[in-house]
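Starting from 1, each residue takes its place in the sequence as its number.
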Amino acid sequence: MGTEKVDEEEQVTEFGGEEWRKKDATKSPLGDEEGDRVEQAEMAKDAEEVGDDEEEMIDDDHDDDDPLWDAPRLAKKLSEKLAKEPIKIRVHDVQIRGNVKTKDSVLEAQLDEVKRAGTMQELLQESVKANARLRGLGVFEKCTITIDAGPEELPGTANVIVEVEESKRPFSGDVGIFSKPETKTWTLDGTVKWRNLLGYGETIDATGCYGWDTTSELSAGINYPRFHGLQSSLVSRATILTQDWQKYSSYRERLKGFSVGLINDDSHDLSYNLTWRELEDPTRQASHAIRRQLGHHLLSSVKYTYKVDERDSAMRPTQGFAFTSSSQLAGLGPDDKLLRFARQEFELRYAVPLGFMNAALNFGAAGGIIMPWGPNFLSKATPISDRYFMGGHSSLLGNLKGPSALLGFRTRGVGPNAARLVPQPTAQAEAGAEERPPMVDTLGGDFAVSSFVDLSMDLPVRILREWGVHAHAFACAGNLVPLTGEDRPKFSFKGFLDTFRVSYGAGLVFPTKLFRLEVNYCYILRKQEQDRAKRGIQVSLNSPH
């Protein structure tokens, strides 16, 4: 029986797609049924060989409808490989889409770490961080970062595609009433912001503040993110500020200043400040120590702050730690009338979860020192506006604020003081007036240390737990002393430790979105004769702003 060759085209389906090839077909001598079985066996063998070759490959051009394409299986294998070993990769191109007003350089500055990624793991991590940075600019309503395969002729490369949608409302503003625990007053604050006016991702803001204690502030500033490709943001601000401390230290302070600084990832802050400061005594009753400080002064200083906060919450920490260090050098310039001093402070917080009733133990310690510099510096008094003060209605927890909080003591109620000048009363006023204690000016200190321990836990009432109301018990201690000046006392560490103020107590905490409200019963364990302290109920506030 003769055979006849026929040229025909046969379509062969493989895992990678479809291809056409020529084949010489000869009618099988085994019959149609047996020939079909042999042909199917050969095709299955070919498919198995192709599958072995592409087992470790990922091809984005596969058709999702292809039953031979097992995407979940390959995704699982890719995840396992990412977890086991680094996958070398190089970013070939970064494509930016959707920005109309924003300059490409602004987005590229946020993507520097993405471009330098050397492995797939690094690329994924840096892409997530870059997405967060872009959203943090407040310029875009949406931001999506996609990682795609690079050109076929460049294996081991990837393209990063950034798609953004710019905000349609560049203006924003807010108005609120906030507490100032250190002065037991409230302020009305308003802020207006305009973002991305020039297309550099900048934020221009203007702020106004008015307090019921005649405290007022007007300021305007601008923030450039990652200025000129730097890792830091450039921040500049002009401020006019008035603060009234007549109730505690007989002076009113007016400031007119300008500052410029670099902020790196909210951890590093380097700034220069130039401020014209005026202290005045409207009542003309200030003590001699305060009267020596009155007048006009120029402050030219550079300040560096390092801060890290790994706590799960600033208002009610249950685990983690926080640390801040601040260094300031004032007196930069040739003018002899410049305020010259060096100031250093630190603070450490640590929270430990106890494992029951959402209980946590918080520890805190803070310290600071300020010293003048120059010839005969020990005989010079430090500026009272830059000294340390303790006491007031401020919570022990919350934001880092240095050695200041000491529950049970009144605002600026700790440390040395001086008697005010009292005008001579008339005979009629002297006959009708009751005997009153002499008014004093709190002078603060140059060296201050404070610490606390706080135990918090939920209450056994469901509705209170849902509202976040909880109980806490605390103990705190602190002290401050002057180190310089003509009337300075002799300093000794033993005397410093022996005069520590100590208080303890317990209370309820009512957290809100605006502030943390505490109603505490405070007991004064140790205080000094000149201190202003009170045992009993004390309401403390702490604002997150």
Carboxylate-amine/guanidinium contact [X] [Y], below 4.0 Å:
X	Y	value
E163	K142	no
E166	K168	no
E113	K129	no

(request) Identify, with sequence neighbours excluded, every residue that meets ring-ring contact (aromatic ring centres under 6.0 Å, His included) alongside W276. (result)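 H296.
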(request) Just jot down the ring-ring contact (aromatic ring centres under 6.0 Å, His included) partners of H472, sequence neighbours excluded, or say none. (result) F474
Can you name the side-chain contact (heavy atoms from CB on, under 4.5 Å) partners of [X], sequence neighbours left out?
X	result
V308	Y306, E310, F321, F323
A286	S250, D281, I290, R291, D441
S236	I222, F258, V260

Going by heavy atoms in the side chains, are [X] and [Y] under 4.5 Å from each other?
X	Y	value
I145	V160	yes
F510	V519	yes
L218	T239	no
I87	I89	no
L378	M371	yes
P383	H297	no
R412	S249	yes
V414	L406	yes

Side-chain ([X]) to main-chain ([Y]) donor-acceptor, under 3.5 angstrom:
X	Y	value
R410	G391	no
R311	G398	yes
S300	L332	yes
R277	R254	no

Supply the atom-to-atom distance [X] [atom1] to [Y] [atom2], rounded to the nearest 0.5 angstrom.
X	Y	atom1	atom2	value
N264	D269	CG	CG	10.0 Å
I96	Q110	CD1	CD	10.5 Å
L198	I204	CG	CD1	6.0 Å
N520	S503	CG	OG	10.0 Å
L400	L348	CG	CG	9.0 Å
I263	K307	CD1	NZ	11.0 Å

(message) Going by the rule side-chain hydrogen bond (donor to acceptor under 3.5 Å, both in side chains), which residues pair with E153 if we only count those two or more places apart in sequence or in a different chain?
(response)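 For E153, no residue satisfies side-chain hydrogen bond (donor to acceptor under 3.5 Å, both in side chains) once neighbours in sequence are set aside.
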(message) Would you say D446 and T382 are linked by a side-chain donor-acceptor pair, where the criterion is simply a distance under 3.5 Å?
(response)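 There is such a pair (donor and acceptor under 3.5 Å, judged by atom type) between the side chains of T382 and D446.
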(message) Is a donor from one side chain sitting under 3.5 angstrom from an acceptor on the other, for S385 and E253?
(response)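 The criterion, which ignores hydrogens and geometry beyond distance, is satisfied for E253 and S385.
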(message) Could you go through E278 and K256, starting from their C-alpha distance and side-chain angles, then the distance that decides it, and tell me whether this counts as salt bridge (charged side-chain N to carboxylate O under 4.0 Å, His left out)?
(response) CA-CA 9 Å; E278 179 186 3; K256 298 177 183 178; over 6 Å; no
(message) Is there a salt bridge (charged side-chain N to carboxylate O under 4.0 Å, His left out) between R465 and D458? Walk through the geometry before answering.
(response) CA-CA 6 Å; R465 291 198 303 270; D458 286 340; 5.2 Å; no
(message) Applying side-chain hydrogen bond (donor to acceptor under 3.5 Å, both in side chains) to T157 and R90, what does each step give before you reach the verdict?
(response) CA-CA 5 Å; T157 63; R90 180 175 60 86; 5.4 Å; no
(request) Under the salt bridge (charged side-chain N to carboxylate O under 4.0 Å, His left out) rule, what do D93 and K115 come out as? Steps first, then yes or no, please. (result) CA-CA 8 Å; D93 188 23; K115 298 177 184 178; over 6 Å; no
(message) Applying side-chain hydrogen bond (donor to acceptor under 3.5 Å, both in side chains) to S325 and Q344, what does each step give before you reach the verdict?
(response) CA-CA 8 Å; S325 173; Q344 173 67 46; 3.2 Å; yes
(request) Establish, yes or no, whether a centroid distance under 6.0 Å links the rings of F389 and Y248. (result) no
Answer yes or no: are there more than 12 heavy-atom neighbours, outside [X] itself, under 6.0 Å from its atom [atom1]?
X	atom1	answer
K193	NZ	no
K380	NZ	yes
W373	CH2	yes

(message) Less than 6.0 angstrom from the centroid, inside 45 degrees of the normal: does R343 satisfy that with respect to the ring of Y388?
(response) yes
(message) Apply side-chain hydrogen bond (donor to acceptor under 3.5 Å, both in side chains) to residues S395 and E518 and explain how you reach the verdict.
(response) CA-CA 7 Å; S395 173; E518 297 181 11; 2.5 Å; yes
